[in-house]
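Positions are given from 1, in the same order as the sequence printed here. Order of listing sets the numbers, starting from 1, for every ligand and every atom in it. Computed from a predicted structure; not experimentally measured.
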Amino acid sequence: MKIRVDDIKEQPRVLRSEEPLETFPGLVAVQDAGECGFLSPVTVELAVAREYDHIRVKGNLKTRIRLNCSRCLGDFEADLASVFTMFYRKEDRVAFDEEEVELAEEDLISIAYQGDEIDFAPEIAEQVIMELPLKPLCQESCRGLCPTCGVDLNEAECTCAGSSFSLKFSALKDFKVDK
Ligand SMILES: [Zn+2]
Ligand SMILES: [Zn+2]
């Protein structure tokens with residue numbers, strides 16, 4: 001996902017593509033480390049426009065991943081999506097005051113570029129990594145493993161001393177929240 005700086009005008013230009021994982025060495029490393037598995041290419045849409053002294057890139061991305069639940073240790077699949085705005089400035093101007101307007105629920109990133117071409121791949125990989133949960137849960141109500149006997153409490157009850165705790169959880173299980 002590269003663009004020549006000369007091709008960026010005030011009128012936003014939209015770039016759309018499905019990028020294979022190999023485009024993002026940072027994500028290949030995450031996958032190799034076993035943190036998550038990427039099950040689909042990364043679908044990226046960027047609107048690139050020149051603005052004052054910088055280049056504004058509004059983007060969104062999505063992909064499908066496989067994670068390992070931090071409670072029950074089971075694998076599960078999830079959609080990963082991110083909406084972000086990035087500002088690119090020519091490297092010698094980065095010292096400028098950074099007074100960005102805070103946009104709700106969006107990540108604002110300021111990046112320096114050199115030369116006459118911008119490669120968006122490193123920042124896109126960064127966005128994906130920021131969206132990875134620190135403590136993945138297969139479901140919000142995952143009951144995890146019994147710390148005593150190791151049984152998966154989502155699938156079976158056990159009779160360990162801690163079972164009063166799990167009884168409390170089974171009562172909660174019937175409590176449904178409308179989203
Ligand atoms: Zn789980
Ligand atoms: Zn148990």
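Ring geometry, Y88 versus Y113: the interplanar angle falls from 30° to 60°, so the pair is classed tilted.
Between V128 and L80 the shortest heavy-atom distance is O-CD1, 3.8 Å.
Annotation: angle subtended at the Zn ion (ligand 1) by C72 SG and C142 SG is 110°, to 10°. For the pair SG of C138 and SG of C69, the angle whose vertex sits at the Zn ion (ligand 1) is 110° to 10 degrees. Angle subtended at the Zn ion (ligand 2) by C158 SG and C146 SG: 100°, rounded to 10 degrees.
In this model, a donor atom of one side chain and an acceptor atom of the other lie less than 3.5 Å apart for S110 and R89.
No salt bridge links E117 with R4; every basic N to acidic carboxylate O contact stays at or beyond 4.0 Å.
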